[in-house]
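A short write-up of the structure that comes next.
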Amino acid sequence: MTVEVVNDQDFAQKTGQGVSLVDMWATWCGPCKMQSPVIEAVSEQHPEVYFAKMDVDENPATSEELGIQAIPTLLIKKDGEIVERLVGYHPIKQVNAVLAKYIDN
């Protein structure tokens, strides 16, 4: 599974069904650069989850609407609703544990 880039225009539509994980990041953010390969690795383990990333500098409307105040912020959405928000860097094990709570087995 690949991590798709989303923007202000398509965020709601692309993350509106099922379980999704959105990595809110910026190009200048050091911890974001550390988080990105973790999200890539987790996406390979969970084909049933939609993975996306959004550059907060290029998409200020969604970032403001969601109250993103620190990055990286990982948003877990289920059927369009934010069910979990992880701020800061999180390792693979932790991201997998959080996702497991929302994936139907």
Is there a side-chain contact between [X] and [Y] in this structure, where contact means two heavy atoms from C-beta onward sitting under 4.5 Å apart?
X: Val56; Y: Trp25; value: no
X: Val3; Y: Asp23; value: no
X: Thr2; Y: Phe51; value: no
X: Leu74; Y: Gln35; value: yes
X: Lys78; Y: Ile76; value: no
X: Leu75; Y: Ile68; value: yes
X: Glu4; Y: Tyr50; value: yes
X: Leu99; Y: Val42; value: yes

**Q.** Met54 CE to Glu58 CD distance, which is reported to the nearest 0.5 Å
**A.**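 Atom-to-atom, Met54:CE and Glu58:CD are 10.5 Å apart.
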Q) Do the side chains of Val5 and Phe11 join up, straight or via other hydrophobic residues, at under 4.5 Å, putting them in one cluster? A)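 Cluster IDs for Val5 and Phe11 differ.
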**Q.** Within one Ile-Leu-Val-Met-Phe-Trp-Tyr cluster: Val87 and Leu21, side-chain cutoff 4.5 Å
**A.**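 Each belongs to a different hydrophobic cluster.
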Closest heavy-atom contact between [X] and [Y]?
X: Pro72; Y: Cys32; answer: N-SG, 3.6 Å
X: Met34; Y: Val38; answer: O-CG2, 3.9 Å
X: Arg85; Y: Gly67; answer: NH1-O, 3.9 Å
X: His90; Y: Gly88; answer: CD2-O, 3.0 Å
X: Asp57; Y: Ala26; answer: OD2-CB, 3.7 Å

Without swapping roles, check the side chain of [X] against the backbone of [Y] for a donor-acceptor pair under 3.5 Å.
X: Ser43; Y: Glu40; value: yes
X: Lys14; Y: Val6; value: no
X: Ser36; Y: Lys33; value: no

Q: Output all residues satisfying side-chain hydrogen bond (donor to acceptor under 3.5 Å, both in side chains) with Asn96, sequence neighbours left out; order by chain, then residue number.
A: Gln45, His46
**Q.** All side-chain hydrogen bond (donor to acceptor under 3.5 Å, both in side chains) counterparts of Thr62, not counting sequence neighbours
**A.**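 Applying side-chain hydrogen bond (donor to acceptor under 3.5 Å, both in side chains) to Thr62 gives Asp8.
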Q) Can Ser20 and Lys77 be counted as having a side-chain donor-acceptor contact under 3.5 angstrom? A)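 No, no side-chain donor-acceptor contact under 3.5 Å.
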Q: Can you establish whether the number of heavy atoms outside Glu64 located under 6.0 Å from its atom CD is more than 12?
A: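 Open.
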Q) Using 4.0 Å as the upper bound for N to carboxylate O, is an ion pair formed by Lys101 and Glu84? A)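 Salt bridge present between Glu84 and Lys101.
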